[in-house]
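Written out below as structure tokens is the structure these notes cover.
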Amino acid sequence: MPRGLDLLAVDDLQVGYGKIQVLWGVSLRLAAGETVAVVGSNGAGKTTLLRSIAGLLPPVAGRVVFRDRVLGRLPAHEIARRGLALVPEGRELFPWMSVHENLLLGGRLCAERLRVAENLEWVYGLFPVLRERRRQSASTLSGGEQQMLAIARALMSNPSVLMLDEPSTGLSPRVVESIFEVIAGLAQRGATILLVEQNVYLALAVADRAYVLERGRLTLEGTGQELIEHAAVRQAYLGVAEG
Ligand SMILES: Nc1ncnc2c1ncn2[C@@H]1O[C@H](COP(=O)(O)OP(=O)(O)OP(=O)(O)O)[C@@H](O)[C@H]1O
Ligand SMILES: [Mg+2]
């Protein structure tokens, strides 16, 4: 089916590290307003996929098309400037800077000053704990707060696509729940999100559509609900033995 509204299209992407190929022809689509998840186990290539889309890893073959333009070998900062924001797996905050300063750095991609102030209010509203801690250095935040700050920093640039790499990693279930509530809220309000997660149930529950990535290849695709109900997904990822 032709999908005229794709914001992001990944076509036959092949990516590797030196001689080791990790992604073997990955193709996916993301329409405006959609939340799409890519789920898969450890080492499947999820981070490699997001880093490659963000321009941090050059593809061996294939292409990434964003807003009808091939990204090619554009540098990562230029891709970010065009509206593709990555919240990286390791969060990559500036540890000695305050929460507020980290957010302002996220907002530097945003041309208008007025917009920066508005966005600050918006992200502090999404994560009130960040407002309370705005003068603290990022290194003093808890893991969950750091994840919130990483997401908030990405939102400061009003990205047209928000890419999240394992926002649940290393966090307690309660914190994960509150972060996913925010993600679900953004999705409901029309944000376009590409979410990569090992926590398959959480990701499928929030996603409109999802893909399963196994050893560098997409093996299944469906709505979040279809995949939650899919026997192979239930067995391999949700720990449900089918009777
Ligand atoms: N810098 C690197 N150099 C060489 N190989 C790498 C590098 N980074 C990742 N790999 C390899 O590429 C494969 C995919 O790794 P990747 O980090 O993309 O997986 P992932 O799905 O994000 O895993 P996880 O769920 O653990 O985050 C793995 O086999 C990994 O060992
Ligand atoms: Mg990863």
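Below, each value reflects all heavy atoms present in this structure, side chains not excepted, and no hydrogens, waters or symmetry copies. Starting from 1, each residue takes its place in the sequence as its number. Because the structure is predicted, anything quoted here is derived from the model rather than measured. In listed order, ligands and their atoms are each counted from 1.
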- Nearest neighbour in protein (non-hydrogen) for atom 12 (O) of ligand 1: Val22 CG2, 3.2 Å
- Item | Carboxylate-amine/guanidinium proximity below 4.0 Å for Arg133 and Glu145 | yes
- How long is the gap from CG on Leu105 to NE2 on His100, to the nearest 0.5 Å? 11.0 Å
- If you have a sec, work out which protein heavy atom is nearest atom 10 (N) of ligand 1 and how many Å separate them, to one decimal? Tyr17 CE1, 3.4 Å
- Query: Hey, is ligand 1 close enough to Gly40 that some N/O pair sits below 3.5 Å?
  - Reply: no
- Query: If we ignore angles and hydrogens, is there a donor and acceptor under 3.5 Å between the side chains of Ser98 and Arg134?
  - Reply: no
- Query: Is at least one protein non-hydrogen atom found at under 4.0 angstrom from atom 6 (C) of ligand 1?
  - Reply: yes
- Task: Begin from the C-alpha positions of Glu121 and Arg131 and carry the test salt bridge (charged side-chain N to carboxylate O under 4.0 Å, His left out) through to its verdict.
- Result: CA-CA 9 Å; Glu121 279 309 302; Arg131 191 197 298 274; 3.3 Å; yes
- Task: Examine Ala44 against ligand 1 and note whether any of their N/O atoms are separated by less than 3.5 Å.
- Result: yes
- Task: Could you check atom 14 (C) of ligand 1 against the protein and tell me its nearest heavy-atom contact, residue, atom and distance included?
- Result: Gly43 O, 3.4 Å
- Query: Should you measure from each heavy atom of Thr47, which atoms of ligand 1 turn up under 4.0 Å away?
  - Reply: 17 (O), 18 (O), 20 (P), 22 (O), 27 (O)
- Side chains of Thr219 and Tyr211: do they bring a donor and an acceptor to under 3.5 Å? no
- A student checking ligand 1 against Ser41 at a 4.0 Å heavy-atom cut-off should list atoms 21 (O)
- Query: Nearest to atom 18 (O) of ligand 1, what protein heavy atom do you find, and at what distance?
  - Reply: Thr48 OG1, 2.5 Å
- Task: Say whether, by atom type as modelled, one donor and one acceptor occur between the side chain of Gln147 and the main chain of Ile179 under 3.5 angstrom.
- Result: no
- Task: Enumerate the atoms of ligand 1 whose separation from the nearest heavy atom of Glu166 is less than 4.0 angstrom.
- Result: 24 (P), 25 (O), 27 (O)
- Task: Output yes when a protein non-hydrogen atom is found under 4.0 Å of atom 26 (O) of ligand 1, and no otherwise.
- Result: yes
- Find all atoms of ligand 1 within a distance of less than 4.0 Å from any non-hydrogen atom belonging to Gln198, and give their numbers and elements. 24 (P), 25 (O), 26 (O)
- Task: State whether Asp6 and Arg67 are salt-bridged, where the test is any N-O pair (Lys NZ or Arg NE/NH1/NH2 against Asp/Glu carboxylate O) under 4.0 Å.
- Result: no
- Message: Between the side chains of Arg81 and Glu78, is the shortest nitrogen-to-carboxylate-oxygen separation below 4.0 Å, so that they form an ion pair?
- Response: yes
- Task: Specify the closest pair of heavy atoms between Leu130 and Val99, including all atoms of both residues, with the distance to one decimal.
- Result: O-CG1, 3.7 Å
- Item | Closest approach of any protein heavy atom to atom 19 (O) of ligand 1, naming residue and atom | Gly45 N, 3.3 Å
- Message: Need one value: angle at the Mg ion (ligand 2), Thr47 atom OG1 versus Glu89 atom OE2, rounded to 10 degrees.
- Response: 110°
